[in-house]
Amino acid sequence: MTSKANVDAARVELLLGDLRLPGIKLMWAKLAEQSDKEGWPAARFLAALAEHEMVDRGRRRMERHLAEARLPAGKTLATFDFDSVPMISKAQVAALASGDEWLAKGANILLFGPPGGGKSHLSSALGLALIENGRRVFFARTTDLVQRLQIARRELALESAIAKLDRYDLLILDDLAYVTKDQAETSVLFELIAARYERRSMLITANQPFGEWGKIFPDQAMTLAAIDRLVHHATILEMNVESYRRREALDRKRGRGRPATHATIKKTETSED
Ligand code: ADP
Ligand code: MG
């Protein structure tokens, strides 16, 4: 390289840094070399750079969305064993993971089942799939989020705290039933549900379908009003299975694979999976 080319290269690096174009900054030298060698028209070189920056930004955006979502680590649809929850349709979950229809109208998902049944895993995996499809998601233990909103209410900032959550296409509230009586009394959870109604989606997990929801809200009228809004546009999934952890432990003890939870045909060499 001539010294003039060296000076140009140093300038380009500086300018790209100032312009905040890290994707181009990383790639331009290699592409410029290829372009020179192959005699690209200038427009082709520029298009290649712009495309590179575009892809890079998309990747970084997704990384940001993943970090802000606070999903429990390592829970994916790929590692979720659908065979052990025969009442959940894999095809239905895959359709929900595309996110297209239900998020646009602010519809909800309610996920019920006993502890250890896979509610947190499935909701987190769904959240991850939605982020990969370009959506924004926030995962929270319900009691943690309620606590945050209570603090906001004390500071007279509840409305803006709820409005800030609007940026998320999907709010996952894990373990709704663990809200305590004193948390219920401030009714911040009701205000959140009412504010998102028919606009922004929620995925709520709970051990009990509605039975114990009386203690989550200050009075019965509010409980009914909350349930009414949540179920109006909702997909309800019930995972009535035994604890996955318990079954795994039992299987280990017995020294064999997990027993089938539903009738299966004995597999032959040629049968498809
Ligand atoms: P819940 O939230 O319903 O109490 P979790 O989702 O926390 O249950 O599941 C308990 C543990 O068992 C987690 O480590 C989870 O990854 C695992 N698990 C539960 N169900 C499944 C499943 N169907 N396939 C794979 N792992 C599962
Ligand atoms: Mg859980």
Side-chain angles (χ1 to χ4, degrees), residues 65 68-72 75 77 88 92-93 95-113 117-131 133-150 152-153 158-179 183-184 186-218 222-239:
H65 292 175
E68 77 184 0
R70 314 264 188 92
L71 296 172
K75 307 297 179 192
L77 287 177
I88 300 282
Q92 188 183 16
V93 171
L96 291 169
S98 84
D100 294 335
E101 270 181 42
W102 64 288
L103 291 178
K105 57 180 190 198
N108 302 315
I109 297 179
L110 304 178
L111 199 54
F112 298 124
K119 300 182 300 296
S120 297
H121 186 138
L122 186 59
S123 53
S124 177
L126 205 49
L128 179 63
L130 288 169
I131 291 169
N133 286 326
R135 306 294 184 150
R136 290 179 77 177
V137 173
F138 187 72
F139 182 104
R141 288 172 50 204
T142 312
T143 56
D144 292 347
L145 188 69
V146 166
Q147 198 175 5
R148 256 178 56 189
L149 294 177
Q150 282 180 309
R153 158 159 279 172
L158 179 61
E159 213 175 318
S160 74
I162 288 175
K164 266 193 199 135
L165 295 169
D166 269 0
R167 74 175 73 140
Y168 300 110
D169 300 288
L170 179 66
L171 192 57
I172 300 175
L173 296 186
D174 199 24
D175 284 326
L176 187 79
Y178 294 165
V179 168
Q183 283 189 317
T186 60
S187 76
V188 291
L189 188 57
F190 179 79
E191 296 197 27
L192 176 67
I193 290 167
R196 287 182 81 89
Y197 177 58
E198 291 192 322
R199 292 192 314 109
R200 288 304 215 187
S201 297
M202 299 209 254
L203 188 167
I204 289 178
T205 80
N207 293 337
Q208 295 280 334
F210 312 119
E212 294 182 358
W213 289 30
K215 74 169 193 48
I216 301 166
F217 302 97
M222 208 180 267
T223 307
L224 291 175
I227 292 174
D228 203 52
R229 281 167 177 77
L230 286 175
V231 301
H232 187 191
H233 310 280
T235 301
I236 297 179
L237 303 173
E238 295 207 53
M239 308 172 75

Flag side-chain contact, heavy atom, 4.5 Å: [X] against [Y]:
X	Y	result
Thr223	Ile216	no
Leu176	Leu189	yes
Arg141	Asp175	no

Problem - Working for side chain to side chain contact (heavy atoms under 4.5 Å, CB included), residues Met202 and Leu230 - result: CA-CA 8 Å; Met202 299 209 254; Leu230 286 175; 4.0 Å; yes
Practice task
Would you please name every residue forming a salt bridge (Lys or Arg N to Asp or Glu O under 4.0 Å) with Glu159, sequence neighbours left out?
Solution key: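 If we apply the salt bridge (Lys or Arg N to Asp or Glu O under 4.0 Å) test to Glu159, skipping adjacent residues, there are no hits.
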Practice task
Please report the closest heavy-atom contact between Arg135 and Gly99, naming both atoms and the distance.
Solution key: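 Smallest interatomic distance, heavy atoms only, reads NH2-O, 3.6 Å.
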Practice task
Indicate the atoms forming the closest heavy-atom contact of His65 with Glu68, along with that distance.
Solution key: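 Heavy-atom minimum between the residues: O-CG, 3.3 Å.
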Practice task
Only pairs at least two apart or in different chains count here, so list each salt bridge (Lys or Arg N to Asp or Glu O under 4.0 Å) that has a residue in residues 223-238.
Solution key: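 Residue pairs passing salt bridge (Lys or Arg N to Asp or Glu O under 4.0 Å), neighbours aside: none found.
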Short side-chain to backbone donor-acceptor contact, [X] and [Y], under 3.5 Å:
X	Y	value
Lys215	Ala184	no
Lys119	Ile204	no
Thr235	Ile109	no
Trp213	Gln208	yes
Ser123	Ser120	yes
Asp174	Thr205	no
Arg196	Ser201	yes
Thr143	Val179	no

Handout entry: Step-by-step side chain to side chain contact (heavy atoms under 4.5 Å, CB included) determination, Arg167 to Phe138
Key = CA-CA 9 Å; Arg167 74 175 73 140; Phe138 187 72; over 6 Å; no
Problem - Full working for side chain to side chain contact (heavy atoms under 4.5 Å, CB included) between Leu203 and Leu171 - result: CA-CA 6 Å; Leu203 188 167; Leu171 192 57; over 6 Å; no
Problem - Chi angles and distances behind the side chain to side chain contact (heavy atoms under 4.5 Å, CB included) call for Leu103, Leu130 - result: CA-CA 10 Å; Leu103 291 178; Leu130 288 169; 4.0 Å; yes
What's the spacing between [X] [atom1] and [Y] [atom2] if we round to 0.5 Å?
X	Y	atom1	atom2	value
Thr186	Leu149	OG1	CG	8.5 Å
Phe190	Leu192	CZ	CG	11.0 Å
Tyr178	Thr142	OH	OG1	10.5 Å

Practice task
Using a strict 4.0 Å threshold on nitrogen-to-oxygen distance, state whether Arg136 and Asp166 make a salt bridge.
Solution key: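 Looking at Asp166 together with Arg136, the answer is no, because their closest N to O distance does not fall below 4.0 Å.
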Handout entry: Presence of salt bridge, Glu191 and Arg153, under 4.0 angstrom
Key =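 Yes, this pair counts.
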